[in-house]
> 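Handing you a structure now.
A note on names: the letters A, B, ... follow the listed sequences, proteins ahead of strands, and every chain is numbered from 1.
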Number of protein chains: 2
Amino acid sequence: MSARIEDVARQAGVSTATVSRVLSGKPYVSAAVRQRVLDAIGELNYHPSRVARSLRVQRSSIIGLIISDIQNPFFTAIVRAVEDVAQQRGYSVILCNSDEDVEKELTYIQLMLAEQVSGMIVSPTASNNEVYRRLVERRVPVVAIDRRADDVPMDMVVGDNVSAAHQLVSHLIENGYRRIGAVLGIPEASTGAERYQGYQEALLEHGLPLAPELVRSGMPRSQNGYELTLELLGQTLRPDAIFTGNNLLTIGALRAIHELGLRIPDDIAVAGFDELDWMFLVKPALTVVMQPTYEMGRQAAELLLARIDDPERPPQQVVLQPTIKVRESSRRVSVTV
Amino acid sequence: MSARIEDVARQAGVSTATVSRVLSGKPYVSAAVRQRVLDAIGELNYHPSRVARSLRVQRSSIIGLIISDIQNPFFTAIVRAVEDVAQQRGYSVILCNSDEDVEKELTYIQLMLAEQVSGMIVSPTASNNEVYRRLVERRVPVVAIDRRADDVPMDMVVGDNVSAAHQLVSHLIENGYRRIGAVLGIPEASTGAERYQGYQEALLEHGLPLAPELVRSGMPRSQNGYELTLELLGQTLRPDAIFTGNNLLTIGALRAIHELGLRIPDDIAVAGFDELDWMFLVKPALTVVMQPTYEMGRQAAELLLARIDDPERPPQQVVLQPTIKVRESSRRVSVTV
DNA sequence: CTGTTAGCGCCTTCAG
DNA sequence: CTGAAGGCGCTAACAG
């Protein structure tokens, strides 16, 4: 079909070894020969087979990226960042979507291994830590992003979820809200668990009771945010504020509130996670956490490349601080306890 | 490192060829032997090297997907669909982001070729048709999605943009709007050009003049939608309605309108493309086009797989009809001409 | 039904 | 500074 290294060698009147040297920028090739080879490459429009190279060097120049929801803008920003870094360093990216499914995640990890990826970046769906422990032991470069695999000594870059949730909920309390409902992601993911923890701590510190009937959790999809919020707001003693633990859940909650005809922040306040900048549409009173999403992806990619270069370096754990943004004051004067 | 086919063969007491046969589900292997091989595979936790297989069969089980903006929900739905189909048929997906950059697009196409992909799905950034023509001639399976590569006899799945734009603009006109501004994507992409055409035709059919000062175009990013809309609305004789030719531009336009304190539809009407379901936040009066995004991706993947199976089949061109959705009536009684 | 063998395209010693 | 040759792991003839 297309030109092979042998064709180039013949055309340039050298051996394949020399062509290979030129290709990989090795020294010890005379300028004249190098130019001849380069010309031949150009004339034949030669592109080396990455597959053959991968087989030979036992390592492809591919980075695997396994995220849990490609349709979540949070993750697309990460994809974008990883791609940028990868491309700049000569790697390409294989993207897979675990869809919050532990089985799929495992399958894709196997796929990546079979594909000889140089390394992978994964947002672990749940705590199937054994898998990651084994990868680390086998010296497979892998970094966790957004979510942790607890107790596994591996590279990771995550957000400070406890603190962020704590700040959001505290902000609500300090503005007079008392019955604060929570719409959270699944507790199996570290993000869900940590944000729940921040919620609890904030309540306790302000002397408010933990009311299990005010807490709901589900897969992070906007439809769930919608349904869970309807559930919360359908109770006789309904919450006067909602804390949402994930950007898609936030969207769903807003829709539910909208449908019920409740006004923000007079009837109900909302504070939650949201990395998008589209919340401006809901004019008033929304406290949001924006995570430095692109930065997370960038750092994860850098960590991965560093580990590929040095498999024995000590694991790094990067914790990024999210930005709290108050769209409008959620203040309200009367307090109903 | 990990087990190779030879190890499995030894463990099972057979030859590598037999193991290979079992692996690829070929017939002519006795049940007993097959079981022994399967056991050996299990015991050794063997996973065949896809790289070696790719080199051998001169074709990887990878599908390349080149889209122009990973952060655009329109494309993520496509990614999702392609992945679903691919995975189901035993393919994995390499995703690349051309970022509306013709150079990058070309680079990625080369990368895909070097990676020996089975085929690729691309949303062509501009009309670098020669590239696609050459791919088609070389019998490289490739399908265009969302945008066309004009005059190239290739598989494609696109939306009926002219008709959609025509309907949107007509709807505005029929509701009494007369000075209809347009915020469009780049005309180099077929989508931009076709939507502009629909806009023009609708105006002409209703006897309205084409006013160049009412038309703006730029890269499909929300920031551009914002800026271009501000430009349009900053004119002395400002438009009474805006037609937006892309979902991100729509978002930007809404923000601009929001910032200027204009009310929809009393001060200004909006009709545009938007595949998201988040527009509910802008309560009244928005006419939108929703494209069957997932379906586009699915069909593109199916076309690609069909072409991989039969490189000589005639090219198929699938044109999907978008759904027009009127959020609220944009009707207004008084007509200002 | 099963084994032997010859490469796929490239890189990388090891000699010159 | 350059060439010759072996082999990465697998599959597809071709023999048995």
> Salt-bridged, B:E83 to B:R298, with N to O below 4.0 Å?
no
> Nearest whole Å is fine: how far is C:dC10 C1' from A:L55 CG?
8 Å
> Would one find a side-chain N or O of B:T18 under 4.0 angstrom from OP1 or OP2 of C:dC1?
no
> Rounded to the nearest 0.5 Å, what's the gap from CD1 on A:I145 to CZ on A:F75? Could you check?
8.0 Å
> Heavy atoms only, 4.0 Å cut-off, all strands: where does B:V19 land among base, sugar-phosphate and nothing?
nothing
> Okay, side chain of B:T18, backbone of B:V14: is any donor-acceptor separation there less than 3.5 Å?
no
> Could you check whether the side chain of A:R56 and the base of D:dG9 have a donor-acceptor pair of N or O atoms closer than 3.5 Å, going by distance alone?
no
> Rounded to whole angstrom units, what separation is found between the CZ atom of A:R34 and the C1' atom of D:dC1?
11 Å
> Which of residues 106-120 of chain A sit near DNA chain C, with a heavy atom under 4.0 Å from it?
none
> Do NZ/NE/NH1/NH2 and the carboxylate oxygens of B:R80 and A:D99 come within less than 4.0 Å?
yes
> Is any side-chain nitrogen or oxygen of B:Q58 closer than 4.0 Å to OP1 or OP2 of C:dG9?
yes
> Which whole-number value in Å describes the distance from A:R10 CZ to D:dG3 P?
14 Å
> Quick check: on DNA chain C, is the nucleotide nearest A:L23 upstream (toward 5') of the one nearest B:V57, or the reverse? Name the residue that is more 5'.
B:V57
> Identify the two heavy atoms, one from A:C96 and one from A:M112, that lie closest to each other, and give their separation to 0.1 Å.
SG-CE, 3.7 Å
> Starting at atom CD of B:E6, determine the distance to atom C1' of D:dC8, rounded to an integer number of angstrom.
12 Å
> For residues A:S190 and A:R147, is any side-chain donor paired with an opposing acceptor at under 3.5 Å?
no
> So, for B:T191 and B:D146, which heavy atoms are closest and what is the spacing to 0.1 Å?
CG2-O, 3.3 Å
> For a quick check of understanding: with a heavy-atom distance under 4.0 Å over all strands, which category does A:S20 fall into, base, sugar-phosphate or nothing?
base
> A:R36 has an atom CZ; how far is it from atom C1' of D:dC1, in whole Å?
13 Å
> Got a salt bridge between B:R221 and B:E100, using NZ or NE/NH1/NH2 to carboxylate O under 4.0 Å?
no
> Side chain of A:R21: nearest nucleotide among D:dT2, D:dC10, C:dC11?
D:dT2
> If each of A:A17 and B:S15 is mapped to the nucleotide of DNA chain C with the nearest heavy atom, which maps nearer the 5' terminus, i.e. the 5' end?
B:S15
> Ion pair present between A:R10 and A:E6, side-chain N to carboxylate O less than 4.0 angstrom?
yes
> Between the two ends of the helix from C:dC1-D:dG16 to C:dG16-D:dC1, what is the bend in degrees, rounded to 10 degrees, where each end axis spans five pairs?
40°
> Can you tell whether the side chains of B:R134 and B:E137 come within less than 4.0 Å, N to carboxylate O?
no
> Map B:R4 and A:V33 onto DNA chain D by nearest heavy atom, then report which one ends up closer to the 5' terminus.
A:V33
> Once you round it to whole Å, what is the distance between P of C:dG3 and CD1 of B:I5?
12 Å
